[in-house]
Asks: 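Take this structure first; my questions come after.
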Amino acid sequence: MKTVLTIAGSDCSGGAGIQADLKTIAAHGLYGMSAITALTAQNTTGVYGISETTGEFLASQLDCIFQDIYPDAVKIGMVSSRELIHVIAEKLKEYKAKNIVVDPVMVSTSGSRLLKDDAEEALEECLFPLADVITPNVPEAEVLSGIKIREREDFCQAAKIIAQKTAGGILIKGGHQIEDANDYLYLKGEEHWFSGRRVNNPNTHGTGCTLSSAIASNLAAGNSLPESIRKAKEYLTGALEDGLNLGAGSGPLNHMYRLKDLL
Ligand SMILES: Nc1ncnc2c1ncn2[C@@H]1O[C@H](COP(=O)(O)OP(=O)(O)OP(=O)(O)O)[C@@H](O)[C@H]1O
Ligand SMILES: Cc1ncc(COP(=O)(O)O)c(N)n1
């Protein structure tokens, strides 16, 4: 069985982070493992507390995983501090990790900052060079490139700037655009657009985590990067279209929508 590791923060309410990743990996029929960077106290209405793990303990989790069950792909989500970013980069290099998807999580859907100011540079310098693909949303891509993204051409211009930090693909997600939900991949000088149906559902907590772990799952299964993104987007759109409505704020997706017929 193919295996996928997520290195991310825990969302106790189950909508984003480690919990969304493990549900996504399981829904793809793969074996999921997790190294937790932080516990968060959050729900659909906001993030109320963050307790980071120590660098030493994160290193220990990664040693346990890589020395025993080697992952076929690795997804990296919320990592809020420089120290933890350095630990991850060192361990990924030590164990020659492959199929690395980096989701540069900066701010939650509910508006809380999940990345410390001084960690952004470390993310770009230490993790981007190791990534097969990085998956910023539009606001994150604006921060990383220093340009505003409004028109189609802006996606390309921003990606080319970010590409100076990575040899992997840059997927700029268009979920924050008003009209459509099209995502843009810049890979080794080539451009790919993935057109998505915009779903009229305010419950989008965890869409970014879900997409990146679905991409990692598809890479682990042997798909090319563009094919992995196409399939991941299809999965995500279905999980949104299911119309689950939990909690008082921006609720989670239904990861098990394809299994409903079993009940
Ligand atoms: N309303 C929607 N309908 C269809 N697809 C959507 C919608 N919102 C987001 N998406 C898709 O979800 C994926 C994640 O995009 P988004 O821009 O929301 O990322 P994100 O902001 O990192 O996610 P998150 O809100 O979890 O942090 C992309 O493929 C995007 O196109
Ligand atoms: C632990 C963790 N990781 C990532 C996110 C971002 O997801 P979203 O933007 O959907 O809130 C989050 N809220 N919590």
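Ligands are counted one by one from 1 in listed order, and the atoms in each one are counted from 1 as well. Atoms considered below: every heavy atom in the structure, side chains included; atoms not considered: hydrogens, waters and symmetry mates.
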Asks: Is the closest N or O pair between Thr40 and ligand 2 shorter than 3.5 Å?
Replies: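 No, since none of the N or O atoms of Thr40 sits under 3.5 Å from an N or O of ligand 2.
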Asks: Check step by step if side chain to side chain contact (heavy atoms under 4.5 Å, CB included) holds for Ile69 and Ile65.
Replies: CA-CA 6 Å; Ile69 305 177; Ile65 292 162; 5.7 Å; no
Asks: At what distance is the nearest protein heavy atom to atom 21 (O) of ligand 1, and which residue and atom is it?
Replies: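 Going atom by atom, the protein heavy atom closest to atom 21 (O) of ligand 1 ends up being His176 NE2, 2.6 Å.
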Asks: Taking atom types as modelled and ignoring hydrogens, do the side chains of Thr40 and Asp11 form a donor-acceptor contact shorter than 3.5 angstrom?
Replies: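 Their side chains do not contain a donor-acceptor pair, so the 3.5 Å distance test is not met.
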Asks: Answer yes or no: does an N/O atom from His205 fall short of 3.5 Å to an N/O atom of ligand 1?
Replies: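 No, no N or O pair falls under 3.5 Å.
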Asks: Does Gly206 come within less than 4.0 Å of ligand 1, judged by its heavy atoms?
Replies: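 Within the 4.0 Å threshold, so yes.
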Asks: If you measure every N or O of Val105 against every N or O of ligand 2, does any of those distances drop under 3.5 Å?
Replies: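 N/O-N/O distance under 3.5 Å: no.
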Asks: Can you tell me which residue and heavy atom of the protein come closest to atom 5 (N) of ligand 1, and the distance to 0.1 Å?
Replies: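 Among all protein heavy atoms, the one nearest atom 5 (N) of ligand 1 is Ala181 CB, 3.4 Å.
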Asks: Can Leu246 and Asn203 be said to form a side chain to side chain contact (heavy atoms under 4.5 Å, CB included), step by step?
Replies: CA-CA 8 Å; Leu246 294 177; Asn203 299 309; over 6 Å; no
Asks: Under 4.0 Å from any heavy atom of Lys233, which atoms of ligand 1 are there?
Replies: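 In order of number, 29 (O), 30 (C), 31 (O).
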Asks: Against heavy atoms of Arg197, which atoms of ligand 1 measure under 4.0 Å?
Replies: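 Matching atoms, with element in brackets: 3 (N), 4 (C).
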Asks: Does any donor atom in the side chain of Glu52 or Ser80 lie under 3.5 Å from an acceptor atom in the other side chain?
Replies: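 Side chains of Glu52 and Ser80: pair found under 3.5 Å.
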Asks: Note the single closest protein heavy atom to atom 7 (O) of ligand 2, along with its residue, its atom name and the distance in Å.
Replies: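 Of every protein heavy atom, Ala16 CB, 3.7 Å lies nearest to atom 7 (O) of ligand 2.
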Asks: Test of understanding: given a 4.0 Å heavy-atom threshold, classify the contact between Leu236 and ligand 1 as side chain, backbone, both, or neither.
Replies: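 The side chain, only.
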Asks: Parallel, tilted or perpendicular, judged at 30° and 60°: which one describes the rings of Tyr235 and Tyr257?
Replies: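 Tilted: the ring planes of Tyr235 and Tyr257 meet at 30° to 60°.
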Asks: Please indicate whether any nitrogen or oxygen in Asp183 is less than 3.5 Å from any nitrogen or oxygen in ligand 1.
Replies: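 So ligand 1 has an N or O lying under 3.5 Å from an N or O of Asp183.
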Asks: Around atom 3 (N) of ligand 1, find the nearest protein heavy atom and jot down its residue, atom name and distance.
Replies: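 Checking every protein heavy atom, the shortest distance to atom 3 (N) of ligand 1 gives Val199 N, 2.8 Å.
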Asks: Should the proximity of Leu114 to ligand 2, defined as any heavy atom under 4.0 Å, be assigned to the side chain, the backbone, both, or neither?
Replies: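 For Leu114, the contact with ligand 2 is made by the side chain alone.
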Asks: Give the residue and atom name of whichever protein heavy atom lies nearest to atom 8 (P) of ligand 2, and the separation in Å to one decimal.
Replies: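 The answer is Thr109 OG1, 3.0 Å.
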Asks: What residue and heavy atom of the protein are closest to atom 4 (C) of ligand 2, and at what distance?
Replies: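 Heavy-atom neighbour on the protein nearest atom 4 (C) of ligand 2: Cys209 SG, 3.6 Å.
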Asks: Under 3.5 Å between any N/O of Arg198 and any N/O of ligand 1: does that happen in this structure?
Replies: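 N/O-N/O distance below 3.5 Å exists for this pair.
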Asks: Pull out every atom of ligand 2 sitting under 4.0 Å from any heavy atom of His205, numbered as shown with elements.
Replies: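 Under 4.0 Å from His205, ligand 2 has these atoms: 8 (P), 10 (O), 11 (O), 13 (N).
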Asks: Using distance alone, decide if ligand 1 has a nitrogen or oxygen within less than 3.5 Å of any nitrogen or oxygen in Cys209.
Replies: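 No; every N/O pair is 3.5 Å or more apart.
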Asks: Could you check whether the rings of His192 and Phe194 sit parallel, tilted or perpendicular, using 30° and 60° as the cut-offs?
Replies: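 If you compare the ring of His192 with that of Phe194, the planes turn out parallel.
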Asks: Heavy atoms, side chains only, cut-off 4.5 Å: are Lys98 and Tyr70 in contact?
Replies: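 A side-chain contact under 4.5 Å exists here.
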Asks: Using a 3.5 Å cut-off on N or O atoms only, is Asn137 in polar contact with ligand 1?
Replies: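 Yes; the residue has a nitrogen or oxygen that sits under 3.5 Å from a nitrogen or oxygen of the ligand.
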Asks: Nearest heavy atom to atom 24 (P) of ligand 1: which of Ala239, Gly208, Ala214 does it belong to?
Replies: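 The residue whose heavy atom sits nearest atom 24 (P) of ligand 1 is Gly208.
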Asks: Do the non-hydrogen side-chain atoms of Leu253 and Leu244 ever get within less than 4.5 Å of each other?
Replies: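 Of all side-chain heavy-atom pairs linking Leu244 with Leu253, none is under 4.5 Å.
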Asks: Could you tell me whether Thr207 approaches ligand 1 through its side chain, its backbone, both or neither, with non-hydrogen atoms closer than 4.0 Å?
Replies: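 The part of Thr207 near ligand 1 is both the backbone and the side chain.
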Asks: Quick test: of every protein heavy atom, which one is nearest to atom 27 (O) of ligand 1, and how far off is it to 0.1 Å?
Replies: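 For this ligand atom, the closest protein heavy atom is Thr109 OG1, 4.2 Å.
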Asks: Can you tell me which residue and heavy atom of the protein come closest to atom 7 (C) of ligand 1, and the distance to 0.1 Å?
Replies: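 Here the nearest protein heavy atom works out to Leu240 CD1, 3.7 Å.
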Asks: Which atoms of ligand 1 sit under 4.0 Å from any heavy atom of Leu211?
Replies: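 Near Leu211, the atoms of ligand 1 are 29 (O).
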Asks: Decide side chain to side chain contact (heavy atoms under 4.5 Å, CB included) for Ile18 and Ile36; before the verdict, give the C-alpha distance in whole Å, the side-chain angles of both, and the deciding distance to 0.1 Å.
Replies: CA-CA 7 Å; Ile18 289 285; Ile36 299 185; 4.0 Å; yes
Asks: Check whether any side-chain heavy atom of Asn223 lies under 4.5 Å from a side-chain heavy atom of Lys231, and answer yes or no.
Replies: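 Yes, at least one pair of side-chain atoms sits under 4.5 Å.
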Asks: Gly9 heavy atoms, cut-off 4.0 Å: which ligand 2 atoms fall inside?
Replies: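 What qualifies from ligand 2 is 1 (C).
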Asks: Search all heavy atoms of Met78 against all heavy atoms of Val105 and return the closest pair with its distance.
Replies: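 Scanning both residues completely, I find the closest heavy atoms to be N-CG2, 3.8 Å.
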Asks: Can you list the ligand 2 atoms lying under 4.0 Å from a non-hydrogen atom of Ser108?
Replies: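 Answer, ordered by atom number: 9 (O), 11 (O), 13 (N).
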Asks: Can you pull out the closest protein heavy atom to atom 9 (C) of ligand 1? Residue, atom name and distance to 0.1 Å, please.
Replies: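 Answer, as residue, atom name and distance: Gly175 CA, 3.4 Å.
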Asks: Relative to the heavy atoms of Met78, which atoms of ligand 2 are at a distance of less than 4.0 Å?
Replies: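 Listed by number with element: 1 (C), 3 (N).
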Asks: More than 12 non-hydrogen atoms from neighbouring residues, nucleotides or ligands closer than 6.0 Å to CD on Glu151, yes or no?
Replies: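 No - once you tally the heavy atoms of other residues, nucleotides and ligands closer than 6.0 Å, there are 12 at most.
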Asks: Could you check whether Gln42 and Tyr48, counting side-chain N and O atoms only, form a donor-acceptor pair closer than 3.5 Å?
Replies: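 No pair is found: no donor N or O on one side chain lies under 3.5 Å from an acceptor on the other.
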Asks: Does this structure show an ion pair linking Asp154 with Lys148, if we count only N-O contacts that are shorter than 4.0 Å?
Replies: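 Judged by the 4.0 Å cut-off on N to carboxylate O distance, Asp154 and Lys148 do not form a salt bridge.
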Asks: Please report which non-hydrogen protein atom sits nearest to atom 10 (O) of ligand 2, along with the residue it belongs to and the distance in Å to one decimal place.
Replies: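 Result for atom 10 (O) of ligand 2: Gly206 N, 2.6 Å.
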Asks: Considering only protein heavy atoms, which is closest to atom 2 (C) of ligand 2, and at what distance to one decimal place?
Replies: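 Going by distance alone, atom 2 (C) of ligand 2 is nearest to Gln42 NE2, 3.7 Å.
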Asks: Around atom 15 (O) of ligand 1, find the nearest protein heavy atom and jot down its residue, atom name and distance.
Replies: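 Closest protein heavy atom to atom 15 (O) of ligand 1: Lys173 CB, 3.7 Å.
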